[in-house]
*Asks:* 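Shown below is the structure under consideration.
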There are 2 protein chains.
Amino acid sequence: MTRYIPNFTAFGALASQDCASCPIRHRAVCAKCDGAEMDHLADMKSYRSWEAGETIALEGDVLPFVGSVVQGCATLTRSLEDGRVQMVGLLMPSDFVGRPGRTVAPYEVTAVTDLTLCMFDRERFETLLNEAPHLASRLVEMSLDELDAARDWMLLLGRKTARERVATLLALVLRRAPTDANPLRADLPLGREAMASYLGLTIETVSRQITALRRDGVIRLDGGGRTVLCDDFAALLTAAGDDEDGIMPS
Amino acid sequence: MTRYIPNFTAFGALASQDCASCPIRHRAVCAKCDGAEMDHLADMKSYRSWEAGETIALEGDVLPFVGSVVQGCATLTRSLEDGRVQMVGLLMPSDFVGRPGRTVAPYEVTAVTDLTLCMFDRERFETLLNEAPHLASRLVEMSLDELDAARDWMLLLGRKTARERVATLLALVLRRAPTDANPLRADLPLGREAMASYLGLTIETVSRQITALRRDGVIRLDGGGRTVLCDDFAALLTAAGDDEDGIMPS
DNA sequence: CGTCTGCTTGAGACATTTCAATACGCGTGG
DNA sequence: CCACGCGTATTGAAATGTCTCAAGCAGACG
């Protein structure tokens, strides 16, 4: 079964979108590209959408494309044979998907929310990569940012307590909150299962720690546990273990 | 204190080495560079050595260079304020050190063995990166490999048992063993403390698991616990949790 | 109104850590 | 050559944090 051919669901305004008005134009892999490079990219691009929960690729699948997340949120997970699963990547808009130079996906890619990708044929993209320095150097930048994020994540997985892990994740989500006003408020894009997978914990432990943080007055919940409120962000950062900023360079 | 200026210890034959005879020429960041690009790189390169145990940079230090590991082995570590430490990178010959586009080191860099780096001035390297596509695309390749390795590492930290972690690390070391013959034999480049830091465990747990693997006949030790022997590599991989290859793409 | 899915809570089991003591390898100096 | 001391590794016993298994709860939806 050709796993990588999803349903072509509506991607609304994005279908006819040209790069000039693209919401991720200035942050994605194409950010530093000039006119000629953009023309090449625009020529080979295509959009596709997936619904929340859909699998985009399984471990070992052939991925004929690379691309950028335009809208929505996807996860990368790696798993052991007995079923243990660890999330190893969380892709947000402008993040890059896929691997120039490798045809097979080393981890499962799943849409957590409804998702739209701007896709490029992998081989053509690789060719361009060897000729377009701005593209390549932007991809270097983005890969190294990802690497930094992965390394912070490793610190969390290797050394933080359950409470610190949960607080770290909540702080990460609240950082991206649309409003800066007090109290900070954000909808959780991840359910408990995905949070547990992210944090290297079980669902139950995540739930208990959220309860504990609430009991301690560090956060409040709303919307049936799907929205987090925080009156004292400093207290949350303290609970996260690493005071001061620097939880995840974006 | 300008931390990044180390002692200029002897680097022997390397001092006068030209790139053509460099031991990492075909695997390092310069692997795909052509004549003109090599000339630029050779022009800005310089060698430096550190002794085992020396600190190359602390978290937050300004790193004015990037470079490649020529000889030896270095670690990247990140730590929490209360002293907990997690290794987040293990650099072997040909691996790239530093971050084009960022001046400050986000983690501590330490020489585990005697170490020689081939260094490039960061700013000049960045400029070249925007003009030399072969350099940039090789760096993309290497960064993405590192990212894959970091993600396998995250699976280990998030989901593997202590026994699996130790077995995974031993398998990783034995894979690089000079001899392919049975029994596999390798000297551990890392002491127990560094192993514990790598694995997200305590020294005691590492020690106990090594003892357990020995008791179970999966490995043998020699040279005062500094050399590992393995008669049955398949058994070691089973103990590592992920059968079949694929522990760390190199 | 019942069922489903996702979240919470509880009690006991278990793995790893912590703290403490002991052993080993090895260079140094008597 | 042995005694000493130091850093590193091993082992033990108790403490603790997280997981496992099991039950209960809330909201969404047919």
Side-chain angles (χ1 to χ4, degrees), chain A residues 51-53 75 80 82-86 110 112-113 156-170 173 187-216 219-228 239 241, chain B residues 51-53 80 82-86 110 112-113 156-170 187-216 219-228 239 241:
Chain A
E51 288 175 21
T75 62
L80 262 12
D82 64 358
R84 283 171 285 175
V85 178
Q86 177 64 49
T110 311
V112 221
T113 65
L156 177 149
L157 293 173
R159 297 299 174 189
K160 286 192 176 178
T161 64
R163 165 180 256 251
E164 290 168 335
R165 295 185 200 200
V166 170
T168 304
L169 178 55
L170 294 180
V173 170
D187 286 338
L188 292 172
L190 270 35
R192 295 293 181 272
E193 177 154 21
M195 292 176 71
S197 174
Y198 182 107
L199 297 170
L201 298 171
T202 58
I203 293 178
E204 295 93 325
T205 301
V206 172
S207 183
R208 274 187 258 270
Q209 295 304 331
I210 287 179
T211 304
L213 287 169
R214 193 161 42 132
R215 173 174 34 71
D216 297 346
I219 55 161
R220 287 179 291 145
L221 289 188
D222 199 9
R226 277 300 192 146
T227 303
V228 214
Chain B
E51 289 175 21
L80 263 10
D82 63 358
R84 282 171 287 174
V85 178
Q86 175 64 49
T110 311
V112 219
T113 65
L156 177 149
L157 292 173
R159 299 298 174 189
K160 285 192 176 179
T161 65
R163 164 180 256 251
E164 289 168 335
R165 296 185 200 200
V166 171
T168 304
L169 178 55
L170 294 180
D187 286 339
L188 291 172
L190 271 32
R192 295 292 181 272
E193 176 153 21
M195 291 177 72
S197 175
Y198 182 106
L199 297 171
L201 298 170
T202 59
I203 295 177
E204 295 94 325
T205 301
V206 172
S207 183
R208 274 186 258 268
Q209 296 303 332
I210 287 179
T211 304
L213 287 170
R214 189 161 45 132
R215 175 175 34 72
D216 297 347
I219 55 161
R220 285 178 293 146
L221 289 188
D222 199 9
R226 277 300 192 146
T227 302
V228 215

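Below, all heavy atoms of this structure are taken into account, side chains as well, without hydrogens, waters or symmetry copies. Each chain gets a letter, A, B and so on, in the order the sequences are listed, and its residues count up from 1.
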*Asks:* It should be established whether B:T161 places a side-chain nitrogen or oxygen under 4.0 Å from OP1 or OP2 of nucleotide C:dA15.
*Replies:* no
*Asks:* Of all the nucleotides listed (C:dC7, D:dT18, C:dT16), which has the minimum atom distance to the side chain of A:S207?
*Replies:* C:dC7
*Asks:* Donor-acceptor pair, B:R159 side chain versus A:R84 backbone, under 3.5 Å?
*Replies:* no
*Asks:* With nearest nucleotide decided by heavy atoms, which residue, A:V206 or A:R159, maps closer to the 5′ end of DNA chain C?
*Replies:* A:V206
*Asks:* Measure the distance from CZ on B:R214 to P on D:dA9 and round it to the nearest whole Å.
*Replies:* 13 Å
*Asks:* With sequence neighbours left out, what residues match B:R214 under side-chain hydrogen bond (donor to acceptor under 3.5 Å, both in side chains)?
*Replies:* none
*Asks:* Nearest of C:dC7, C:dT9, D:dT10 to any side-chain atom of A:R192?
*Replies:* C:dC7
*Asks:* D:dA26 P sits how many Å from A:D222 CG, rounded?
*Replies:* 17 Å
*Asks:* NA contact type, B:R163, heavy-atom cut-off 4.0 Å: base, sugar-phosphate, or nothing?
*Replies:* nothing
*Asks:* For the side chain of B:T205, starting at C-beta, report the closest nucleotide among C:dC7, C:dT16, D:dC19.
*Replies:* C:dT16
*Asks:* Touch check for B:I210, heavy atoms < 4.0 angstrom, all strands: base, sugar-phosphate only, or nothing?
*Replies:* nothing
*Asks:* With side chains defined as the heavy atoms from C-beta onward, is the minimum distance between A:Q86 and A:L157 less than 4.5 Å?
*Replies:* yes
*Asks:* Just how far, in rounded Å, is C1' of C:dT18 from CG of B:L201?
*Replies:* 14 Å
*Asks:* From D:dC19, C:dA20, D:dA9, pick the nucleotide closest to the side chain of B:E204?
*Replies:* C:dA20
*Asks:* Would you indicate, yes or no, if C:dC7 has its OP1 or OP2 atom less than 4.0 angstrom from a side-chain nitrogen or oxygen of A:R226?
*Replies:* yes
*Asks:* Using a cut-off of 4.0 Å on non-hydrogen atoms, how would the nucleic acid contact of A:G200 be classed: base, sugar-phosphate, or nothing?
*Replies:* sugar-phosphate
*Asks:* Can a side chain N or O of A:T202 be found less than 4.0 Å away from OP1 or OP2 on D:dT18?
*Replies:* no
*Asks:* Can you measure A:Q209 atom CD to D:dT18 atom C1' for me and round it to whole angstrom units?
*Replies:* 9 Å
*Asks:* Quickly work out the A:I203 CD1 to D:dT18 P distance and round it to whole Å.
*Replies:* 17 Å
*Asks:* In whole Å, what is the span from the CZ atom of B:R84 to the C1' atom of D:dG17?
*Replies:* 13 Å
*Asks:* Rounded to whole Å, how long is the line connecting atom CZ of B:R208 with atom C1' of C:dA23?
*Replies:* 15 Å
*Asks:* For the pair made of CD in A:E193 and P in C:dT5, what is the distance, rounded to whole Å?
*Replies:* 12 Å
*Asks:* Let me see the working for A:R220 and A:D222 under salt bridge (charged side-chain N to carboxylate O under 4.0 Å, His left out), right down to the final yes or no.
*Replies:* CA-CA 7 Å; A:R220 287 179 291 145; A:D222 199 9; over 6 Å; no
*Asks:* Could you check whether any side-chain N or O of B:T211 sits under 3.5 Å from a backbone N or O of B:S207, counting only pairs where one atom can act as donor and the other as acceptor?
*Replies:* yes
